[in-house]
Trainee: 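Sharing a structure below in structure tokens format, with a few things to ask.
FYI, side chains are in, hydrogens and waters are out, and symmetry mates aren't considered; it's all heavy atoms of this structure. Small disclaimer: the values here were computed from a predicted structure and weren't measured. All ligand and atom numbering here is 1-based and tracks the order in the structure.
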Amino acid sequence: MNDQVSDLRTDGLPEWAPGLTQIPYWLFQREDVVEAERARVFQGATWNFLGLAAEVPKPGDYRCTWVGDTPIVMVHDDSGEIRAWENRCAHRGALIAVENQGNAKQFACVYHAWTYDQAGTLTSVAFQKGIKGQGGMPKEFDICQHGPRKLKVAVLCGMVFASFDHTICSIEDYLGPEILARVQRVFLGRTPKVLGRFTQALPNNWKLYAENTRDSYHASILHLFFTTFKINRLGMKGGIIVNHHGGCHVSWSSNVMPKAATDDYSGIRSDSGYQLADPTLLSGFQEFQDDITLQILSVFPGFILQQIQNALAVRQMVPRGPDKADLHWTYFGFEEDTPEQTEVRLKMANLMGTGGFISMEDGCVGGFVQRGIAGASDEEALMLMGGYEADSQDSRVTESSIRGFWKAYRSTMGI
Ligand code: FES
Ligand SMILES: [Fe+2]
């Protein structure tokens, strides 16, 4: 345990029993937890998704994004590198880039025109020498000593990740070989092309959404659309992969139903008899070299790569205090797609997102938890499905990957 951890304890965080199966509700409610997460999780030794390289295709292109709730600028510089730096002027803290995206050789802060290059290095200070020998900065002022924090950047399959920790391991080692292979199976060496994006406001702590994406157990219970149209049942062939530190996972299924499947559907809602007015909503094309129709992949702390049939998306979580978060969705296809394939992807995009036939429930169930725990800071959630560990399992009737999230969280937070 390091000094910082002792400080946090003495700052008044309650005790948390060891293990991964009891998750106290104060974790989703306290401002001091939000602050500790900002420093230790998001600005600590983690890889954070910034966006797709396809969003900054040309030299000078930039896009504003976040690591946790820290504003970040992602820039494609003139040498072809992707750079990332904190969007905070070294003078008095204003945003340096104020447009969501654009193209720039350099960035001048609107407040007093301190200017930065594409790598986020401070290059000039307006009126540094004052006017006519009066005013200006002290002669000891060294421009090289000032500037926003720069991040380490890694690009994997056209996805840009960044870390405040310049000593962090490679993104490949962070994922581990099994998760890395599952990333590569989605991209297959193709060039991503953005199809659209939107932001979903979540009425809950970001960790409740991190749990939800790792919770394969809820899918065929909460999401009636899944079972009604037979997209995903727990009896289908599938499984869970959890990586070495627990924070990255894959939940996958293929629409192959084993002969001996004996789902216990007692007590859950049954098929409704509803039919789709346009059944082509679910008519996909054979895209992958396997029969996996659903793969949800997470990267600790706040990233999700989604493949639901041919609907591909990346999702970035941005905490907004203890009880709110923004979820930024970017749907994508590939430059190699035919127009018909793009059409299929756009149609299938209706399954997910804020009003998506499947995922609209995920947008509100986190709010149900946040409201349900309002008076129960000292109580705790139970995470016992599938045992006590955070291991890979052939069954999806498990909370193993959620325990994986908490394993990574505990070790990153030092609590
Ligand atoms: S705050 Fe940016 S130049 Fe003053
Ligand atoms: Fe869900």
Trainee: Of all heavy-atom pairs between A90 and W114, which one has the smallest distance, and what is that distance?
Mentor: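 It is C-CZ3, 4.0 Å.
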
Trainee: So what's near the Fe ion (ligand 2), protein N, O or S atoms under 2.8 Å?
Mentor: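 For the Fe ion (ligand 2), the protein N, O and S atoms that sit under 2.8 Å away are H218 NE2, H223 NE2, D362 OD1, D362 OD2.
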
Trainee: May I ask you to establish whether R410 and W16 are in a cation-pi arrangement, using a distance under 6.0 Å from NZ or CZ to the six-membered ring centre and at most 45° from the ring axis?
Mentor: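 The answer is yes; both the distance and angle limits are met.
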
Trainee: Can you confirm if the NZ or CZ of R197 lies within 45° of the ring axis of W329 and under 6.0 Å from the centre of its six-membered ring?
Mentor: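 Cation-pi check for R197 and W329: fails.
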
Trainee: Walk me through it: do F141 and H146 pass the test ring pair (Phe, Tyr, Trp, His ring centres under 6.0 Å)?
Mentor: CA-CA 9 Å; F141 174 74; H146 301 273; 4.9 Å; yes

Trainee: Would you tell me whether Y209 and R315 have side-chain atoms, one donor and one acceptor, within less than 3.5 Å of each other?
Mentor: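 Yes, R315 and Y209 have a side-chain donor paired with an acceptor closer than 3.5 Å.
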
Trainee: Here's a test for you: under ring pair (Phe, Tyr, Trp, His ring centres under 6.0 Å), which of W66, F303, F42 qualifies with W206?
Mentor: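 Answer to the ring pair (Phe, Tyr, Trp, His ring centres under 6.0 Å) test with W206 among W66, F303, F42: F42.
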
Trainee: If you draw a sphere of radius 2.8 Å around atom 4 (Fe) of ligand 1, how many protein N/O/S atoms end up strictly inside it?
Mentor: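 For atom 4 (Fe) of ligand 1, the figure is 2.
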
Trainee: Using the rule ring pair (Phe, Tyr, Trp, His ring centres under 6.0 Å), only one of Y174, F405, W47 pairs with F300; which is it?
Mentor: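 The single option meeting the ring pair (Phe, Tyr, Trp, His ring centres under 6.0 Å) with F300 is F405.
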
Trainee: Indicate the ring-plane relationship of F187 and F332, choosing parallel, tilted or perpendicular according to the 30° and 60° boundaries.
Mentor: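 Parallel: the ring planes of F187 and F332 meet at under 30°.
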
Trainee: Closer than 3.5 angstrom, by distance alone: can the side chain of S253 be matched with the main-chain N or O of K237 as a donor-acceptor pair?
Mentor: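 Flag not set: sc S253 to bb K237 has no pair under 3.5 Å.
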
